[in-house]
Amino acid sequence: MRAYDLILKKRQGGSHSLEELKFLIDGYVAGDIADYQMAAWSMAVFFRGMEEQELAWLTQAMVESGQQVDLSGIQGIKVDKHSTGGVGDTTTLVLAPLVASAGVPVAKMSGRGLGHTGGTLDKLESFQGFKTQLPAQHFIDQVNSIKVAVIGQTEKIAPADGLLYGLRDVTATVDSVPLIASSVMSKKLASGADALVLDVKVGNGAFMKQKDQALELAREMVKIGENLGRRTVALLTAMDRPLGCAVGNALEAREAVEVLSGEGPDDLRQLCLELGANMLVLAGQHEDLDAARQQLANNLDNGSALAKLKEMVTAQGGSGREIDDPGLFPAAKLRHSVMAAESGWVESVETTDIGLAAQLLGAGRSRKDDIIDLAVGLLVKAKPGQRVEKGQTLVEIHANDQQKLEEAAAMVGAAYHIGQEQPQPLPLICGRVSHGDGSPVP
Ligand code: URA
Ligand code: CA
């Protein structure tokens, strides 16, 4: 087999066999196939697409390029959740203890933030002493004893994806649905869960700006999961504004504690209930979503989900004292309110710019090895569709550096569009896909 022939085959619209895809992926990881050949092949995929079976095989080849986590030592059906990335997406911090509090095991591997989106591991490190690396057996034992552990994803998972992503990033081939779908699914499937709930974000803060693109990505990912033997459900959810109020690590950890205490922003609570209910149904804990939502809402309101967070944080080396006294979270020295320059409706918010403003303050990374400031970030007080009066606070900035504060304030001010028309923001949950066909949610 030669890489040249496979590039030509894809360029002419052909479809690959599993053997061909394994040849390409294994050859690329081994260094036998050159970057320029893989780049040409990726561009051919960009224009020609992939068929359903072929895409499942590509994903399988990527999964098999590295370590596959064995979670069989954990009792019960393990359901994972993955978000395609957004701004202020605090869901994992709420969901992991919430789902575990309902008796369903959560063995989760998460990543760090890059660019305008944050990462769960950084948020968790806002709990003083929290360890994101655990020996494999310790991870399994912790899930068996307290039902939940969240740790960092190792580089050994789907190494083909890391290499291919780096190449796509510099060859204008990132935004190909089959390449994104196989990238996301290879990492999740190699992480060992039995079933998967995907949170596909839609809107100007997300990868997929339009609902039809997001729906296509969701369908492809659900088909890959089902073809490789894992029950998969995808929700399409709004990212035309930040989720919840907090954007920034310790601010989001604090917001998660609020939601787990039965308080906090309603949108974050609702989304966690919806994702969590789908996880409980896939785990076989409930037959219908309503009963699952009800159990989870009770656990937010009766303190059991919050108690589970404390168990997890202390099991992973933290003191958990921030949970009883949120004043102990790292806090920034400087505060500043960005105010509405005029009265009217918030017509839209440039969500990516809100994420970039938080990154500029030090909450996120522009390069993988940047050091972040856990304390800084934004509290978003006005969202699209809301009426505001002149002088009302749109966003509260938490900073540790005056110059960065001023730059972020200018960015945030420019990110808001206030007008006289009442807009129609996306509904929080804009769709649900299972078994490969998109059924809109009312
Ligand atoms: N996120 C991923 O993990 N992979 C992609 O290709 C795009 C977004
Ligand atoms: Ca948030």
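For ligands, and for the atoms within them, numbers begin at 1 and follow the listed sequence.
Ranking protein heavy atoms by distance to atom 1 (N) of ligand 1, first place goes to Val184 CG2, 4.0 Å. When only non-hydrogen protein atoms are considered, atom 4 (N) of ligand 1 lies nearest to Ser183 OG, 2.6 Å. In this structure, the protein non-hydrogen atom closest to atom 8 (C) of ligand 1 is Phe207 CE1, 3.3 Å.
Contact check on Glu20 versus Lys9 returns a salt bridge, with a Lys/Arg side-chain nitrogen under 4.0 Å from an Asp/Glu carboxylate oxygen. Comment: Asp401 does not engage Lys333 in a salt bridge, judged by the lack of any side-chain N to carboxylate O separation of less than 4.0 angstrom. Salt-bridge formation is not detected for the pair Asp199/Lys81: no Lys NZ or Arg NE/NH1/NH2 atom is positioned less than 4.0 Å from an Asp or Glu carboxylate oxygen.
Residue contacts to the Ca ion (ligand 2): Gly88 brings an N, O or S atom closer than 3.0 Å. Here Glu255 reaches the Ca ion (ligand 2): one of its N/O/S atoms is less than 3.0 Å from the metal. Residue contact annotation: Ala246 places an N/O/S atom under 3.0 Å from the Ca ion (ligand 2).
To the nearest 10 degrees, the angle centred on the Ca ion (ligand 2) between O in Leu243 and OG1 in Thr90 reads 130°.
Note: an N/O pair closer than 3.5 Å links Lys187 and ligand 1 by distance alone. In terms of polar-atom proximity, defined here as any N/O pair under 3.5 Å, Tyr165 makes no such contact with ligand 1.
At a threshold of 4.5 Å between non-hydrogen side-chain atoms, the residues Leu360 and Met411 count as touching. Asn278 places a side-chain heavy atom less than 4.5 Å from the side chain of Leu235.
Formation of a donor-acceptor pair under 3.5 Å by the Asp353 side chain with backbone atoms of Ala415 is not found in this model. The backbone N or O of Thr173 lies less than 3.5 Å from no partner atom in the side chain of Ser176, so there is not a single donor-acceptor pair.
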